[in-house]
Each structure stands twice: as C-alpha cells, then as structure tokens.
Amino acid sequence: MSRPLYVTRPLLPDLGDVNAMLGEIWRTQFVTNGGPFHEKLESALKETLGVPTVELFNNGTIALLVALKLFGLPPGSEVITTPLTFAATAHSIHWNGLRPVFADVSPDTLTIDPASVEKAITPMTSAILGVHVYGTVCDVDALQNIADRHGLRLIYDAAHAFGTTINGQPVAVFGDASVFSFHATKLFTTLEGGAIATPRSADHEMIYFLRNFGIKSEEEVVSIGINGKMNEVQAAIGLLNLPKAPVEREARTRLRAKLDAALSGLPGIGLQPVQSGVGQSEQYYPVVINADIFGRSRDAIYTALKERGILSRKYFHPICTDFAPYRGFPIVSTRNTPYVSEVKSQVLCLPFFSGVKDEDVEDIRAVFHGT
Ligand SMILES: *Cc1c(COP(=O)(O)O)cnc(C)c1O
C-alpha cells in the first residue's frame, strides 16, 4: 500500500526506451519544428483518433486557443460553455476576445445541458464549447442540432475523452473540432502536450499556420499565429506511451468495476453514468455525494480519505463562475437554481489509475461505509 495515494499518476514509458529515443534526437539534432517523431506521432494519432486532421500542440490550452481562433468567430461574440470544467476552457474563450456564457449541466451526466444552452443563445452567440467532463460524453446529437439550427460552431474540449467512442465512432468526428490534452494527469500523456482533431482534412493547413506563427515559407507569413509546437522529446514520449494507453485503460476498467462494487447501492452516492454505446476513456472516477441523503458531506469524505493518506480531488470545485475573472457571470439554466451550483459541493474524484490496489479500494469502501 503506497501512501499518499494520489488521484492519478503519470503513465511513463520505460526509461531505457526513452534514453534510446533521446539518443536518436541527440544524433540527428532534430529537436523541434515537425521532426521525425512529431510526424510519426501525428500520423499514429490520426489512426487512434479516427479523423483526417490531427495537429499536435505543446499543451492542451494552446490547442484550445487555436481551435477557437480557427473559425474566425466575430470579436466580442459569445461562446456558450459549462462552468464545471478546468479553468483553461473558459480562459481560452476570454483570451480570444470572446465572451464566455455559462450554461448549466445536466443532472444525469454533469455535461452541458442542451436545454440551458438553447436558453443562453442570443444574437451575439457564435459557438458552443462543450466538455466531455470526466470522460462522460456530451449529448452530441442535441448540441449539433442546436448548432445547426442557430448557425453556431460546435467545439469540444475533449481533454478527458482520449480514445472515447460513441456507437463505434471516434469522439472527434462530432462537432467542428475536438481538443485533447496530453498533460501528465491525462491517461495518454506526452508530459505536456495536446492536439486539435477535426473531421475535415481541409482544416490541416490553417491549424498548421496558426500553430507556427503563420509561417508558410522562409519569406511568407500568411496569417497570425502562435508558438504551439510540440517538441521531439514530447513526441518521443507520446510514441512510447501510445501502445501503453490501452493497457492502462483496461486496468482502469477493471478498477472501475471494483469501485462500483464497493460504492453502489449506498443511498445518496451517485456514480458516473454508464452511457449506452459509449466506449469510456477511463479518465476519471467521479462520485456525487448528496449529504442530505448520505448523511455525510463531500468535504467530510474528502477529509476522512485524506486522514488515511488517500488524496481525492474536488474536480471541478470551485467552478469557473467562482473564479475572479468570471465572478458575477450568470449561469443560464432551465431550473430556478442551476444544478451545477449544488453539485459543485458534492462531486469528488477518487484515485483512478492502474496502481490503485485492492487494499486501497477496501479502504475507500470503509470510509464510505463508515466502518
Ligand atoms: C487538462 C485540461 C485542459 C488542458 O490542459 P493542458 O494542461 O493545457 O494540457 C483543458 N480542459 C480540461 C477540461 C482539462 O482537464
């Protein structure tokens, strides 16, 4: 039993394999700017993510910034998103000179609620930025339907949805673009890294320019751009981790079954929904603790786990509208009180990675059962 037990642990390749690839990078001195490992990882990810355009980035946040830039959304226009997400989602909208508009989440999935999205639409709305939060997928059909009817772009923050499928289709075929993060906390990692994936091969060129200062040739800058390039060391880690990711995912699927067995049937404890037809990414294991029914609060459970050296995380509490830049922004909801305002005090992500042992599950069980 290793304590503290963190909520996750980075997937790391064998150090000998890393050293061999570093040797290759040192030999060729091709360290960044679309080197051979970068090109290899990019094409491998086109296979894995099942879409014609995959562009690698130095991190997921820069990829989000560029994905929003890609569609030429009118300056100052509104992008509807969820407040139950990592800060980067809202920041990427604001940083682009667009206005984040927060819509409530659905009680069953904790993803953005389509009816609240519809209610949030104004003549200034230009896009919807959905988040497949914890690996639970958005209602992609309802959101696409809304986007089509109102002429909006539909972009997904798919940072938690690497490898997700919906009715056999890769998650990145939905919407106009999906953004992945390969940060160390994500199941598939390049230490820091990310990607934009889109279902159209034509997007490749524009993303390519936006990622690298708009440079087309030695003497041509054809658009604005940023430095979003992934370097060769990151790409090498990615190539080594790519075959390891499905193995890690399978281990987490087995862990999920054990945690489900330990926690299911407890009154007031809600587990992540099983979505029919969805191949789970296995990014997080969130539980929703309703103190009125369960008798103990999320924070009480968090503390009790911590006393045993089990470090759960209150993702994503506080929510975006609690952060200084977005304080006072309303949360548009079809309910009187937005559901997200309640659930933010109830959600807890438990340790979820292949290194979590049966004894750890037993300890978690004991904390929840109060034994
Ligand atoms: C991890 C994450 C990102 C991007 O993070 P980076 O650390 O920049 O790769 C964006 N959105 C969500 C929901 C995330 O969890």
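Nothing here was measured: the structure is a model prediction, and the numbers come from that model. First listed ligand is number 1; within each ligand, the first listed atom is number 1.
- Regarding atom 8 (O) of ligand 1, its nearest protein heavy-atom neighbour is Thr61 OG1, 2.5 Å.
- For ligand 1 and Ala159, the ligand atoms under 4.0 Å from any heavy atom of the residue are 2 (C), 3 (C), 10 (C), 11 (N), 12 (C), 14 (C), 15 (O).
- At least one N or O atom of Gly60, backbone or side chain, sits closer than 3.5 Å to an N or O atom of ligand 1.
- Within the 4.5 Å cutoff, side-chain heavy atoms of Arg149 are placed close to those of Glu118.
- For atom 15 (O) of ligand 1, the closest non-hydrogen atom of the protein is His160 NE2, 2.7 Å.
- Looking at Glu192 next to ligand 1, no N or O pair under 3.5 Å apart turns up.
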Next on the checklist: One pair to check against side chain to side chain donor-acceptor pair (under 3.5 Å): Thr371 and His369. What are the steps and the verdict?
Outcome noted: CA-CA 6 Å; Thr371 55; His369 286 257; over 6 Å; no
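- Heavy-atom distances between Gly193 and ligand 1 reach below 4.0 Å in at least one pair.
- For Tyr326 and Phe102, the gap between ring centers is short of 6.0 Å.
- The heavy atom nearest to atom 6 (P) of ligand 1, considering only Ala161, Ser181, Ala158, is found in Ser181.
- Remark: ligand 1 atoms within the under-4.0 Å shell around heavy atoms of His183 are 7 (O), 9 (O).
- Only the side chain of Asp157 comes within contact range of ligand 1, with a heavy atom under 4.0 Å; no backbone atom does.
- Heavy-atom contacts of Thr85 reach the following atoms of ligand 1: 13 (C) (cutoff under 4.0 Å).
- Near Lys186, the atoms of ligand 1 lying under 4.0 angstrom from a non-hydrogen atom of the residue are 1 (C), 2 (C), 14 (C), 15 (O).
- Cluster partners of Leu187: none. The rule joins Ile, Leu, Val, Met, Phe, Trp and Tyr whenever side-chain heavy atoms lie under 4.5 Å apart, and it links nothing here.
- A donor-acceptor contact shorter than 3.5 Å is absent between the side chain of Gln280 and the backbone of Thr253.
- Taking the ring centroids of Phe188 and Phe182, they lie under the 6.0 Å cut-off.
- A distance-only check finds no donor-acceptor pair linking the side chain of Ser77 to the backbone of Leu73 [under 3.5 Å].
- Of the listed residues (Ile62, Leu65, Leu98), just one forms a side chain to side chain contact (heavy atoms under 4.5 Å, CB included) with Ser92, and that residue is Leu65.
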